[in-house]
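Taking it in order: structure first as structure tokens, then the write-up.
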Amino acid sequence: MDCPGFCRYTCLDFVFTVVGVFAYLCDVGSDLWVATEFYQHGDFAWFGLVIGLMALSSTVVHLFSWFWFKYDQELEDFKSQTSAERLLFGGGGRLKLSLLHAFQLGFLLRHVSAIEQGFGVWWWGEQASYAAYVTHDLSMLRLLEAFCESAPQLTLLLYIILRTGHARTMQSVSVCASSFSVAWTVVMYHRSLRRFLPQKAQQRWGASAVYFLWNLLLITPRLAALALFASALPCPAPAHFLCLWPALFLWAWLQRTSFMDSAGGEWLYRGAVATIWYFSWFNVAEGRSRGRGLIYHALMMTDSGILLGAWWGLRGAGLQQAYAVGVVIALPSAYLLGLLLKGLYYAYLHPKLRPLPAGEVPKLRPLPAGEEPKLCPLPAGEGPKLRPLPAREEDVPDGDTPFRSRPPQPGPSPSKLCNQRMARLASIFYTPLPVLPYARQPIRASPNGII
């Protein structure tokens with residue numbers, strides 16, 4: 001996918017970047033707080049699991065971050081279009097990058113770098129290409145963190161609450177915050193991809209709310225089913241993941257993904273996709289995804305049903321019958337409601353881009369006989385953009401004539417700094433159309449003539 005003009009960066013993007021940094025710090029702080037509580041109460045096994053999940057997910061995220069910095073340093077004109085002095089990762093070479101990521105500081109410093117670049121765009125009016133580039137990368141890294149850390153940790157906290165029969169205040173807060181965070185991260189990832197559709201308007205907040213709701217209704221029942229199964233059969237629960245993950249990894253491999261720029265990075269990506277699929281659907285292959293999505297949801301509904309059935313058969317004798325029946329009814333109902341909202345979203349709110357046959361261009365409706373082109377007046381106070389005549393005849397450039405606008409001068413194109421990784425994912429998520437050099441827009445006119 002080409003990327004002309006795809007480096008839009010607004011004040012709202014800058015606000016979300018700043019909020020993302022605070023959310024990341026609060027997430028790390030709450031995780032450490034929960035781990036500390038377990039340690040103080042003598043629950044060393046759960047303390048180790050929380051710390052282990054944090055370390056594992058952080059390692060995965062920093063591996064992706066390091067691979068991407070490695071790829072970016074090899075891009076043509078990448079350093080010439082970015083200010084190396086102002087980039088926290090620039091100028092230090094491969095060793096500096098490796099040390100930063102080895103100490104698990106790469107993700108945090110990416111956030112800080114995004115704030116620095118975004119502030120330059122918002123305050124100084126600098127070029128937005130790198131700020132948009134970093135923002136797209138952060139949306140993907142947050143998605144990976146959500147499903148490699150937040151989702152497993154939420155399952156663990158639900159399991160602990162079910163096993164102990166009570167929830168501490170911090171555990172309850174962490175469960176609610178993690179549930180909201182996972183669904184919200186998916187929404188922000190989707191909005192980031194939407195920016196690669198210049199022919200479509202940015203997603204409205206009403207559509208984002210529907211997108212958030214159906215993701216919440218699909219992800220939460222899945223996590224609850226896993227936690228219920230683990231509360232009844234603690235030992236087989238890890239075995240369930242170890243048996244299902246290789247099958248999902250094989251499915252990702254069969255779809256021939258091409259997200260990363262190296263073989264090792266691509267295998268890492270497929271492993272991360274398999275982890276995401278354990279909790280939620282994530283489209284990774286080109287073409288119509290309806291069939292693959294139906295297969296996935298049928299598999300997840302069957303698997304979750306088996307987990308709920310196992311919990312029902314092995315639930316404790318002291319568990320109230322009404323509570324158990326309510327859980328068995330509520331979780332599948334929520335999942336089906338999420339599927340319904342997802343279908344409604346894709347039917348009415350998802351951008352519909354229909355591919356054209358090779359070599360064919362869109363057919364424009366000719367104007368009826370006698371109809372003139374519509375002239376849109378300029379905003380009040382704005383005059384025609386005409387270059388003044390030179391003072392002398394010889395000052396006119398060769399081939400130029402008076403009142404003719406000067407042709408655009410060659411210069412660095414923002415598309416060279418387009419985030420091709422996210423552009424590939426956007427081309428997978430949306431059915432692409434050929435990128436046309438000009439958009440069909442009304443002719444703008446002023447009282448003095450047409451511009």
Side-chain angles (χ1 to χ4, degrees), residues 27 30-31 34 46 49-50 52-54 56-57 60 142-165 167-168 170-187 189 211-234 236-245 248 272-282 296-312 315 323-324 326-339 341-342:
D27 182 50
S30 64
D31 292 342
V34 171
W46 294 340
L49 285 173
V50 171
L53 287 174
M54 291 179 62
L56 180 61
S57 66
V60 171
R142 289 171 185 149
L143 184 75
L144 294 169
E145 184 200 26
F147 286 101
C148 291
E149 178 188 349
S150 298
Q153 194 173 88
L154 177 57
T155 306
L156 175 62
L157 289 177
L158 290 173
Y159 159 76
I160 293 172
I161 292 173
L162 291 170
R163 289 287 291 182
T164 59
R168 302 188 184 103
M170 193 57 200
Q171 293 175 2
S172 302
V173 172
S174 183
V175 166
C176 296
S178 296
S179 301
F180 182 89
S181 175
V182 172
W184 179 252
T185 301
V186 176
V187 173
Y189 164 78
Y211 197 90
F212 168 82
L213 185 58
W214 69 254
N215 274 284
L216 185 66
L217 290 173
L218 292 180
I219 296 172
T220 304
R222 173 64 178 172
L223 299 178
L226 292 170
L228 289 169
F229 175 73
S231 66
L233 295 170
H240 174 266
F241 172 79
L242 295 176
C243 290
L244 192 57
W245 186 87
L248 297 174
V273 168
T275 304
I276 295 175
W277 279 347
Y278 188 72
F279 303 103
S280 179
W281 171 243
F282 181 67
Y296 172 82
H297 287 298
L299 174 63
M300 289 297 106
M301 288 185 66
T302 303
D303 183 68
S304 297
I306 294 173
L307 297 179
L308 282 177
W311 170 78
W312 174 269
R315 69 187 188 281
Y323 168 80
V327 168
V328 171
I329 294 176
L331 294 185
S333 299
Y335 197 90
L336 291 175
L337 180 59
L339 288 178
L341 288 177
K342 182 178 181 179

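Computed from a predicted model, the values in this text were never measured in an experiment. One-based numbering along the sequence shown.
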Mind listing the side-chain donor-acceptor pairs of residues 173-183 below 3.5 Å, one per line with the distance, residues two or more places apart or on another chain?
unit_1: S178; atom_1: OG; unit_2: S174; atom_2: O; d: 2.8
unit_1: S179; atom_1: OG; unit_2: V175; atom_2: O; d: 2.9

Donor-acceptor pairs under 3.5 Å, side chain of residues 144-156 to any protein atom, not counting sequence neighbours: which ones?
unit_1: E149; atom_1: OE1; unit_2: S57; atom_2: OG; d: 3.2
unit_1: T155; atom_1: OG1; unit_2: A151; atom_2: O; d: 3.0

Check your understanding: Can you list the steps and then say if L228 with L308 is a side chain to side chain contact (heavy atoms under 4.5 Å, CB included)?
Key -> CA-CA 7 Å; L228 289 169; L308 282 177; 3.7 Å; yes

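The backbone N or O of L244 sits nowhere less than 3.5 Å from a side-chain atom of Y278 that would complete a donor-acceptor pair. Using modelled atom types, one side-chain atom of W277 and one backbone atom of F282 make a donor-acceptor pair closer than 3.5 Å.
In this structure the side chain of F279 reaches within 4.5 angstrom of the side chain of L226, judged on heavy atoms. Side chains of M300 and W281 form no contact here, defined as non-hydrogen atoms less than 4.5 Å apart. With contacts defined as side-chain heavy-atom distances shorter than 4.5 Å, the pair Y159/L49 does not qualify.
L299 CG to Y296 OH: the interatomic distance, rounded to the nearest 0.5 Å, is 8.0 Å. Expressed to the nearest 0.5 Å, how far CH2 of W214 lies from OH of Y335 amounts to 10.0 Å. Atom CG of L218 sits about 9.0 Å away from atom CG of L337, to the nearest 0.5 Å.
With sequence neighbours left out, L213 forms a side chain to side chain contact (heavy atoms under 4.5 Å, CB included) with L217, L341. Residues that satisfy the side chain to side chain contact (heavy atoms under 4.5 Å, CB included) test with R168, not counting sequence neighbours, are E37, F38, H41, D43, Q171. The side chain to side chain contact (heavy atoms under 4.5 Å, CB included) check on V328 picks up W311, W312, with sequence neighbours excluded.
For N215 against S280, the heavy-atom pair with the smallest separation is OD1-OG, 4.4 Å. For P238 against P234, the heavy-atom pair with the smallest separation is CD-O, 3.2 Å.
Within the structure, side chain to side chain donor-acceptor pair (under 3.5 Å) pairs that include any residue of residues 299-309 comprise R222-D303, R222-S304, H240-D303 (at least two apart or interchain).
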